[in-house]
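Chain A is the first sequence line, chain B the second, and so forth, proteins listed ahead of strands; every chain is numbered from 1. Please read these numbers as outputs of a predicted model, since none were measured by experiment.
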Number of protein chains: 2
Amino acid sequence: MMVSTKGRYALTVMVDLAKLSDGGFVSLSDIAEREHLSMKYLESIISILNKGGMLQSLRGKNGGYRLARDPADYNISEILLLTEGTLAPVNCIMQDGVQCEKAATCSTLPLWAGLDYVIDKYLSTITLQDIITGNRKKMLGDYCDHCDSDQ
Amino acid sequence: MMVSTKGRYALTVMVDLAKLSDGGFVSLSDIAEREHLSMKYLESIISILNKGGMLQSLRGKNGGYRLARDPADYNISEILLLTEGTLAPVNCIMQDGVQCEKAATCSTLPLWAGLDYVIDKYLSTITLQDIITGNRKKMLGDYCDHCDSDQ
DNA sequence: AATAAATCCTACCACCAAGGTAGGAATATG
DNA sequence: CATATTCCTACCTTGGTGGTAGGATTTATT
């Protein structure tokens with residue numbers, strides 16, 4: 001499993017906020033209730049999103065969270081990258097400039113690098129807006145054999 | 001991390017055998033030594049490959065393993081699927097016909113399904129032969145800006 | 001027949017990330 | 001002042017990862 005509940009719930013929170021983005025702040029308890037998720041656990045996840053600049057927050061009564069930007073300006077890759085730390089499918093992919101010592105002669109490395117590239121390319125193309133509008137053709141590509149024709 | 005050492009080492013073993021495929025049997029200790037991996041650990045991994053029909057084995061002195069088919073007839077997806085169990089990037093992807101109960105109304109599911117499809121499409125296109133010939137253009141795609149022109 | 005070299009089989013184990021839970025401090029509203 | 005909220009720190013359980021250990025079985029060589 002490449003993406004844990006942390007990343008998945010983070011995306012769920014972002015989508016929830018994007019759907020209700022009328023400019024007001026939404027409380028965490030509202031989100032947790034709507035999505036049927038533990039509020040305490042969401043707390044630790046939304047904290048990452050907030051510190052990462054993905055959200056704006058307001059403390060105190062009637063406080064809550066809202067998106068910092070337009071839904072179309074978030075790509076899925078940055079959301080998952082922030083919460084998961086990495087999206088690399090294997091741990092032999094170079095990270096922070098550090099690569100495997102056998103990299104120069106490893107014959108399987110190009111495969112993993114290619115896989116990593118394919119994943120990141122896909123996730124950085126899809127936006128939050130695509131998700132809330134249900135852009136199936138963009139998300140499912142040629143796997144989508146019964147998409148609406150206008151997407 | 002989607003692919004653990006189990007799957008990675010399994011691929012390394014398959015590539016090692018493919019490179020030396022002159023029809024003879026190769027002992028596990030030879031492979032372990034060449035690849036600098038624990039022989040005991042490889043034992044448990046190669047056992048999965050063997051039982052899954054990927055290899056042929058010969059017991060006793062001068063015994064060992066060899067590929068059951070031509071390197072071009074193995075795609076990477078089947079090798080990793082056998083050893084990892086699943087390649088799904090999240091655990092909410094339908095497996096063995098069982099899907100999440102919220103699937104019908106989940107707005108993030110198409111994203112995960114699309115990601116799963118993209119990953120499987122990539123891995124099932126690449127063959128063992130591609131790896132041993134170093135087919136960088138096929139593995140790295142448009143990320144490969146300095147591939148040999150004949151590939 | 002003995003020995004060595006190999007696969008095969010079962011059991012065990014340490015570590016760490018995942019997936020939370022708990023409790024309280026700080027802050028804002030009415 | 002009471003209430004609702006974010007914010008912060010600490011803790012905990014469980015299962016998978018990444019192995020290790022020891023022996024039984026099979027085959028080739030001498």
Side-chain angles (χ1 to χ4, degrees), chain A residues 1-13 17 24-68 80 83-92, chain B residues 1-13 17 24-66 68 80 83-92 95:
Chain A
M1 222 62 54
M2 184 177 52
V3 179
S4 66
T5 57
K6 198 150 94 177
R8 248 171 55 225
Y9 291 177
L11 181 58
T12 298
V13 165
L17 286 174
F25 289 89
V26 178
S27 82
L28 188 52
S29 55
D30 283 359
I31 302 176
E33 190 175 0
R34 252 196 309 270
E35 308 294 340
H36 302 101
L37 297 173
S38 151
M39 176 177 158
K40 272 300 188 181
Y41 187 35
L42 277 194
E43 212 178 286
S44 63
I45 293 169
I46 210 165
S47 163
I48 301 172
L49 292 170
N50 193 27
K51 287 180 182 169
M54 297 280 173
L55 302 176
Q56 292 174 343
S57 69
L58 184 65
R59 300 178 70 168
K61 193 165 181 177
N62 296 334
Y65 301 92
R66 69 180 176 198
L67 296 188
L80 296 179
T83 46
E84 294 287 327
T86 175
L87 292 176
V90 290
N91 70 3
C92 54
Chain B
M1 222 60 55
M2 183 178 50
V3 179
S4 65
T5 58
K6 197 149 94 177
R8 248 171 56 226
Y9 291 178
L11 182 58
T12 299
V13 165
L17 286 174
F25 289 89
V26 178
S27 82
L28 188 53
S29 56
D30 282 1
I31 302 175
E33 190 175 358
R34 254 196 307 269
E35 309 293 340
H36 302 101
L37 298 173
S38 151
M39 176 177 158
K40 272 300 189 183
Y41 187 34
L42 276 195
E43 213 178 284
S44 64
I45 292 169
I46 210 166
S47 162
I48 300 173
L49 292 170
N50 193 26
K51 287 179 182 170
M54 297 277 171
L55 302 176
Q56 292 172 343
S57 69
L58 183 66
R59 300 180 69 168
K61 193 164 183 180
N62 296 333
Y65 302 91
R66 70 180 173 197
L80 296 178
T83 47
E84 294 287 328
T86 176
L87 293 176
V90 289
N91 69 4
C92 53
Q95 280 166 42

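Distance NZ (A:Lys51) to P (D:dT6): 15 Å, rounded to an integer number of Å. When rounded to the nearest whole Å, the span between CG of A:Asn50 and P of D:dT6 equals 10 Å. Per the geometry, CG belonging to B:Leu28 stands 14 Å off P belonging to C:dC9, to the nearest Å. Rounded to an integer number of Å, the gap from CD of B:Gln56 to P of C:dT7 is 15 Å. Straight-line distance from the CG atom of A:Leu49 to the P atom of D:dC7: 12 Å, rounded to whole Å.
Side-chain N/O atoms of B:Ser4 include one lying less than 4.0 angstrom from OP1 or OP2 on D:dG18. Distances shorter than 4.0 Å separate none of the side-chain N or O atoms of B:Tyr9 from OP1 or OP2 on D:dG18. Side-chain N/O atoms of A:Ser27 include none lying less than 4.0 angstrom from OP1 or OP2 on D:dA4.
Comparing A:Thr5 and B:Val26 along DNA chain C, the residue whose closest nucleotide (by nearest heavy atom) sits nearer the 5' end is B:Val26.
If you check residues 34-48 of chain B against DNA chain C, the residues with a heavy atom closer than 4.0 Å are B:Glu43, listed by number.
Put simply, the side chain of A:Thr12 gets close to the backbone of A:Arg8: a donor and an acceptor are under 3.5 Å apart. B:Glu84 contributes no side-chain N or O that, together with a main-chain N or O of B:Val3, makes up a donor-acceptor pair within less than 3.5 Å.
Between A:Val13 and A:Ile45 the shortest side-chain heavy-atom distance does not fall below 4.5 Å. In this structure, A:Tyr65 and A:Leu28 have side chains that are in contact, with non-hydrogen atoms separated by less than 4.5 Å. Between A:Arg34 and A:Val26, some side-chain heavy-atom pair lies under the 4.5 Å cut-off.
Of all non-hydrogen atoms in B:Tyr41 and B:Lys6, the two that sit nearest each other are OH-N, 4.0 Å.
Between atom OG of residue B:Ser44 and atom OH of residue B:Tyr9 there is a gap of 11.0 Å, rounded to the nearest 0.5 Å. A distance of 12.0 Å separates CD1 in A:Ile46 from OG1 in A:Thr83, rounded to the nearest 0.5 Å.
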If you restrict it to nitrogen or oxygen atoms, what contacts under 3.5 Å exist between nucleotides 26-30 of chain D and the protein, and what is each distance?
residue : atom : partner : partner atom : Å
D:dT26  : O2   : B:Gly60 : N            : 3.4
D:dT27  : O2   : B:Lys61 : N            : 3.1
D:dA28  : O3'  : B:Asn62 : ND2          : 3.1

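Nucleic acid contact for A:Phe25: none, since no nucleic acid atom lies under 4.0 Å from a heavy atom of the residue.
Under a cut-off of 6.0 angstrom, the local environment of CD in A:Glu33 is sparse, with at most 12 non-hydrogen atoms contributed by other residues, nucleotides or ligands.
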